[in-house]
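Encoded as structure tokens, the structure appears first; notes follow it.
Since the model is a prediction, treat every value here as computed from it, not as a measurement. Scope of the values below: all heavy atoms of this structure, side chains included, with no hydrogens, waters or symmetry mates. First listed ligand is number 1; within each ligand, the first listed atom is number 1.
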Amino acid sequence: MCKGKIVIALGGNALQAFGSPPTAECQLEVVRKTCDFIAQIVANDYEIALVHGNGPQVGRIVLALETAKEVTPPLPLDVCDAMSQGYIGYHLQQAMHEALIRIQKGHIPVVTIVTQMVVERDDPAFKTPTKPIGPFYSEEEAKTIAKEKGYVMKEDAGRGWRRVVASPIPNHIVEIDSIKRLWDSTIVVFAGGGGIPVIEHEDGSFEGVSAVIDKDYAAELLAEQVGVDTLLILTEVEKVAINYNKPDQKNLDILTVEEAERYIAEGHFAPGSMLPKVQAAVKFAKSGEDRKAIITSLFKAVDALEGKTGTLITRSKGQ
Ligand code: ADP
Ligand code: MG
């Protein structure tokens, strides 16, 4: 009776209350509310997997370890990424289980897979790191850190200096077979924070690298490789807009791949926020017949799946 298979990408607002102190308890509270919405999708007989972001969480782990460096050695970014997958996955497992009990589906197991994502060693992103992470420093501190650790440090929008890392394109998911085997029985939390970026050596071994993969691209790759019908990207806004935040803003109900590509070229979607979502949606819609992507808010997810709201990205209008 499965109505369809969905990969759900959860944005920052699904994991953290804006403005509240970022304690673990506070995160769990928000995740509980999020899981109530996700459980409604399960109640409507869809099969799902969850991908989530980790920006604030991994930032805090890095900051905590930097602050404690006199007593315990800092850990590399790939290890911090793995820690954030465990931390967020644990909350999602617990909250999702409770939400499933409330809809009489407490028997469905929920599990997190620590996920590695292979990136190309010569991805151009490594030459121009763009993604700021961790604490702010003064210019002087930043220069010392750059010299001592070889980090790339940049000034971040007048707020101070931060470490910046590359945001490469994910090529291959190391644990893809495991999620395929679990799909029919289990709700899997997968590729948290976009997955832990690794490079593959010639002998087939993997090595973690200091980079951050966009979770929207990671969710897209998962959706393509598992072969689901729908990529559902849940964020803060109910619909994608053109002329966003301008007097002539127009919210879009449906967006064909061609239109999306034109609007991307015209610069309607902000890099680092809406652009990766639209790009991921387009790539997925192009990847097979009857594949569609929906971008909407967490609160409107159920309605959007019924075609009542959200922005639908398809190959053609009639699809
Ligand atoms: P997430 O944590 O879900 O990835 P982001 O902040 O990265 O969220 O991206 C979603 C945000 O993108 C929206 O809250 C909105 O402010 C912004 N945005 C930028 N361009 C657009 C657009 N053209 N249409 C709608 N939202 C846009
Ligand atoms: Mg984002």
Heteroatom distance test (Asp216, ligand 1): nitrogen or oxygen, under 3.5 angstrom: no

Polar contact flag for Asn13 and ligand 1 (N/O pairs, less than 3.5 Å): no

Selection from Val237, Leu10, Asp214 by shortest heavy-atom distance to atom 13 (C) of ligand 1: Val237

Phe269 neighbourhood, listing ligand 1 atoms whose heavy-atom distance to it stays under 4.0 Å: 23 (N)

Atom OH of Tyr90 with >12 non-hydrogen neighbours under 6.0 angstrom: no

Lys250, NZ: over 12 other non-hydrogen atoms inside 6.0 angstrom: no

Atoms in ligand 1 flagged as close to Thr235, the criterion being non-hydrogen separation under 4.0 Å: 1 (P), 3 (O), 8 (O), 9 (O), 10 (C)

Option from Val58, Ile113, Asn54, Ile196 for which side chain to side chain contact (heavy atoms under 4.5 Å, CB included) with Gln85 holds: Ile196

Neighbour count above 12 (heavy atom, 6.0 Å) for Glu98 CD: yes

Polar side chain donor-acceptor pair, Ser210 to Arg163, under 3.5 angstrom: yes

Test: Glu141 and Lys147 ion pair at under 4.0 Å: no

Distance-only N or O hit between ligand 1 and His268, under 3.5 Å: yes

Numbered atoms of ligand 1 (with element) below 4.0 Å of Glu236, judged on heavy atoms: 14 (O)

For Gly12, the ligand 1 atoms whose distance to one of its heavy atoms is below 4.0 Å: 1 (P), 2 (O), 3 (O)

